[in-house]
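Okay, so here's the structure we're looking at.
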Amino acid sequence: MTSGSTSATDSMSEDPESGLLMVPAAEAQFSVGVALWDDADDVYRSFVRHSLRDGWEKSLLRATVAGRFEKQTFLPAVVQLVPRPDNEYNPKAISVSAPPSLGGTDHERHMGCLYERNLVSLGGPLRSLAFLSEGPVGCHALVEVDEVDERWTDVDEEFDGRLCVRGARRLYSFGSLRLRLPWWEDLQAMTVAHARSVRPDLILPFIGHWSPYREGAHEELLRRTGQRSFPSRSGCRATGFWPAAKILNCRCSCPPDGTSSTAP
């Protein structure tokens with residue numbers, strides 16, 4: 001099984017142009033979709049125009065993405081990822097915003113959110129990166145592009161509401177947005193490595209299941225956080241890992257119910 005162009009050894013790096021701490025990009029075929037916000041149409045249009053740099057037509061790439069059988073055309077871009085604990089529907093939501101270079105606050109640059117089906121596995125490490133970073137966190141993105149044949153297409157009818165931009169020799173229409181995020185196991189490992197490099201003194205429970213078990217680590221976690229127990233975070237001494245949930249079929253001396261681990 002491949003994880004695209006990323007691996008657990010890849011590291012976060014700062015993009016000097018956008019000022020974002022960038023998550024390494026996976027191959028386009030592994031990109032995930034974004035639930036664009038209807039009320040953010042104007043922001044999204046501004047974001048796409050902002051991404052059209054000199055010679056942008058030469059930067060267009062062709063790729064097959066999940067759920068599609070034919071290759072499509074995409075415009076490479078950069079977005080900011082913003083945890084939104086103020087979201088009343090889901091406090092763990094992660095906003096996809098235009099980069100700071102567009103101006104305004106990250107809330108004003110909000111374009112949409114990560115789908116919950118991806119948030120389940122990617123949300124923890126992305127929230128950790130935002131917590132660890134002194135600046136904004138971002139990732140590489142892809143904007144769907146359609147070439148418009150004006151001889152046979154009623155542009156106003158077929159592409160109503162979508163941004164259309166004329167290139168050197170043809171008209172282009174810009175549609176959905178996708179994020180080139182790594183597979184979850186690579187992102188988890190990258191985040192743990194980044195946390196250890198910038199804050200070796202810090203324990204982050206929601207990525208802690210990638211930390212190897214060490215004697216006394218559990219007691220230290222309880223001491224630092226002031227907690228007496230962590231539901232669904234019992235440590236397995238057989239596997240040597242600190243899982244985020246109950247380990248099934250564990251045959252070691254872990255608590256039999258796997259529901260909690262309590263300090264002595």
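Residues Tyr172 and Leu60 approach most closely at CE2-CD1, 3.9 Å, considering heavy atoms. The minimum heavy-atom distance linking Val82 with Ser97 is given by the pair CG2-OG, 3.9 Å. The shortest non-hydrogen separation linking Arg162 to Ser173 is NE-OG, 3.0 Å. Nearest heavy-atom pair, Gly104 versus Arg109, reported as atom, atom and distance to 0.1 Å: O-NE, 3.2 Å. Smallest separation of non-hydrogen atoms from Ser176 and Glu144: OG-OE1, 2.6 Å. Contact record, Ala28 with Val65: O-CG1, 3.6 Å, taken as the closest heavy-atom pair.
Judged purely by atom type and a 3.5 angstrom limit, Arg180 has no side-chain atom pairing as donor or acceptor with the backbone of Ala25. Remark: the backbone N or O of Leu129 is not paired with any side-chain donor or acceptor of Ser133 at under 3.5 angstrom. Looking only at distances, no side-chain donor or acceptor of Glu57 sits under 3.5 Å from a matching main-chain atom of Gly167. Looking at Arg84, its side chain never comes within 3.5 Å of a backbone N or O of Ile94 through a donor-acceptor pair.
Using a 4.5 Å heavy-atom threshold, the side chains of Val34 and Arg178 count as separate. Side-chain contact check for Leu179 versus Leu81: some heavy-atom pair is nearer than 4.5 Å. Under the 4.5 Å side-chain criterion, counting only non-hydrogen atoms from C-beta, Pro100 is in contact with Pro136. Side-chain contact between Ser51 and Val143: absent, with no pair of heavy atoms (C-beta onward) separated by less than 4.5 Å. Annotation: side chain of Met22 is in contact with side chain of Val78 (closest heavy-atom distance under 4.5 Å). Side-chain contact check for His50 versus Ser101: some heavy-atom pair is nearer than 4.5 Å. Contact of the Leu132 side chain with the His194 side chain is registered, since non-hydrogen atoms from C-beta on lie closer than 4.5 Å. Asp41 has its side chain out of reach of Leu163: every pair of non-hydrogen atoms, C-beta onward, lies at least 4.5 Å apart.
Note that CZ of Arg170 is 12.5 Å distant from CG of Asp146, once rounded to the nearest 0.5 Å. The distance from the NE2 atom of His140 to the CG atom of Leu181 is 10.0 Å, given to the nearest 0.5 Å. Rounding to the nearest 0.5 Å gives a distance of 8.5 Å between OG of Ser121 and CG of Leu114. Taking CG of Asp39 as the start and OH of Tyr44 as the end, the distance is 16.0 Å to the nearest 0.5 Å. With rounding to the nearest 0.5 angstrom, the CZ atom of Phe174 is 5.0 Å from the CG atom of Leu52. Summarising the geometry, atom OG belonging to Ser31 is positioned 5.5 Å from atom CG belonging to Leu142; distances are rounded to the nearest 0.5 Å.
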Exercise for the section: Report the C-alpha separation of Met111 and Val43 in whole Å, then their side-chain angles, then the decisive distance to 0.1 Å, and conclude whether the side chain to side chain contact (heavy atoms under 4.5 Å, CB included) test is met. Expected result: CA-CA 7 Å; Met111 300 184 293; Val43 178; 3.8 Å; yes

Handout entry: Step-by-step side chain to side chain contact (heavy atoms under 4.5 Å, CB included) determination, Leu126 to Leu187
Key = CA-CA 8 Å; Leu126 291 177; Leu187 182 59; 4.0 Å; yes

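Remark: Arg53 engages Glu17 in a salt bridge, criterion side-chain N to carboxylate O under 4.0 Å.
Hydrophobic clustering (ILVMFWY, side-chain heavy atoms < 4.5 Å, transitive): Phe47 and Val137 are in one cluster. One hydrophobic cluster, built from ILVMFWY side chains closer than 4.5 Å, cannot hold both Met12 and Leu20; they sit in different ones. Linking ILVMFWY residues whenever their side-chain heavy atoms come closer than 4.5 Å, directly or via other members, places Leu21 and Leu122 in the same cluster. Connection of Met190 to Val32 is established within a shared hydrophobic cluster, with ILVMFWY side chains joined at heavy-atom distances below 4.5 Å, either directly or through further cluster members. One hydrophobic cluster, built from ILVMFWY side chains closer than 4.5 Å, cannot hold both Trp37 and Val79; they sit in different ones.
Taking a 6.0 Å sphere around CZ of Arg62, one finds it holds more than 12 heavy atoms contributed by other residues, nucleotides or ligands.
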